[in-house]
Every structure is written in structure tokens, then in C-alpha cells.
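Everything below concerns the one structure shown next.
For clarity, every value in this text was computed on a predicted model and none was experimentally measured.
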Amino acid sequence: MDEKETPKAPIRTPEDARIDSLEERLRRAQAKEAERTGSKMAKPDKNERLGNRVFSLLMGGLIGGTVIGYAADRIFGTDGILLVVGLVLGIIGGFYSIIKVASK
């Protein structure tokens, strides 16, 4: 090719038109799916995330202490004493974790 010649546009075939049509339909389908699944929804703000974290710390402490206390009661044959101890320790641990998060 000479330096003076300009490059020619590629020849469009029927397959190119089909591919373009397919790509356009795919873009529309993806946009519709994003709208349906709510991926364009606003993300939770910092306070909402902090509230969810505090809730999960408290529930994790409660549930974890209860399960461990119940299991210890079953293993050692005590009548609910270790369940109560585990529950109290879970509550204390949950609140301690919440205080640590809140003090940051």
C-alpha cells in the first residue's frame, strides 16, 4: 500500500449485521436483568452497615454462648447451669465487641 492511499473501510457482510443485532439484544437483556435484580439500587450507607454489624455481633454472642453452654450442659450432665453461664458470657462478649466497634 502506498503512503498516499487511504485505507479502505472493511466490507460489511450479512454476518456482521447479525452480530451487531445480537450484541444490541444482549445489551438490552443485560440492562433488563440488572433492573429486575435491583443491581442499580443504592448501596447501604455507613450507618446502616454499622447497625447491621452491631446487630450481628450481639446475635452472634447470644447464639454462640447459648450453643456452647447447651453443648457443655449435655456433655457434663449439668441441669442448665452452663447454658446460663454461656448465655451470660455470650451477652458480655457481644456487648464488648459492640463497644470496641463503637469506639473506633
Side-chain angles (χ1 to χ4, degrees):
M1 186 182 272
D2 268 354
E3 291 178 17
K4 294 180 181 180
E5 283 186 36
T6 59
K8 296 179 182 178
I11 300 172
R12 302 270 305 163
T13 63
E15 288 82 18
D16 292 336
R18 290 177 59 202
I19 290 173
D20 291 341
S21 171
L22 178 63
E23 288 175 348
E24 178 59 32
R25 287 186 311 196
L26 181 60
R27 271 194 294 277
R28 280 186 278 155
Q30 287 171 339
K32 187 183 265 187
E33 180 66 14
E35 182 179 321
R36 184 185 71 80
T37 60
S39 62
K40 291 186 178 184
M41 292 175 48
K43 298 198 181 208
D45 66 348
K46 184 178 179 181
N47 293 328
E48 186 176 353
R49 288 193 312 262
L50 181 62
N52 287 336
R53 184 171 179 194
V54 166
F55 177 74
S56 66
L57 288 171
L58 184 58
M59 288 295 105
L62 281 168
I63 293 170
T66 303
V67 168
I68 291 172
Y70 179 77
D73 266 340
R74 299 288 290 188
I75 291 170
F76 297 117
T78 56
D79 292 327
I81 300 295
L82 295 178
L83 174 65
V84 173
V85 169
L87 183 62
V88 170
L89 289 175
I91 291 170
I92 291 170
F95 277 112
Y96 176 74
S97 297
I98 291 169
I99 291 169
K100 275 187 5 182
V101 167
S103 67
K104 286 184 181 179

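- Transitive grouping of hydrophobic side chains (ILVMFWY, heavy atoms separated by less than 4.5 Å) brings F55 and L57 into a common cluster.
- The two residues E24 and R27 come nearest to each other via the heavy atoms OE1-NH2, 3.1 Å.
- For E15 and R18, the salt-bridge test fails: no basic side-chain N is under 4.0 Å from an acidic carboxylate O.
- In this structure, M59 is a member of the same hydrophobic cluster as V54, with clusters built from ILVMFWY side-chain heavy atoms closer than 4.5 Å.
- At most 12 heavy atoms of other shown residues, nucleotides or ligands fall within 6.0 angstrom of atom CG in D79.
- Criterion: ILVMFWY side-chain heavy atoms under 4.5 Å apart, direct or through other members. Under it, V88 and I91 are not part of a common hydrophobic cluster.
- Follow the hydrophobic side-chain contacts under 4.5 Å out from L58 and you never reach Y96; the two are in separate clusters.
- Here the closest heavy-atom approach between residue V101 and residue L50 is recorded as CG1-CD1, 3.4 Å.
- Within the 3.5 Å criterion, the main-chain N or O of A17 finds no donor-acceptor partner in the side chain of S21.
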* Check the pair R49, K46 against side-chain contact (heavy atoms from CB on, under 4.5 Å), reporting the backbone distance first and the verdict last. => CA-CA 5 Å; R49 288 193 312 262; K46 184 178 179 181; 4.0 Å; yes
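- By the 4.0 Å N-to-carboxylate-O rule, K32 lies too far from E35 to be salt-bridged with it.
- Under the 4.5 Å side-chain heavy-atom criterion for ILVMFWY residues, no single connected hydrophobic cluster contains both I68 and I63.
- Minimum interatomic distance between F76 and L82 (heavy atoms only, all atoms of both residues): CD1-CD1, 3.7 Å.
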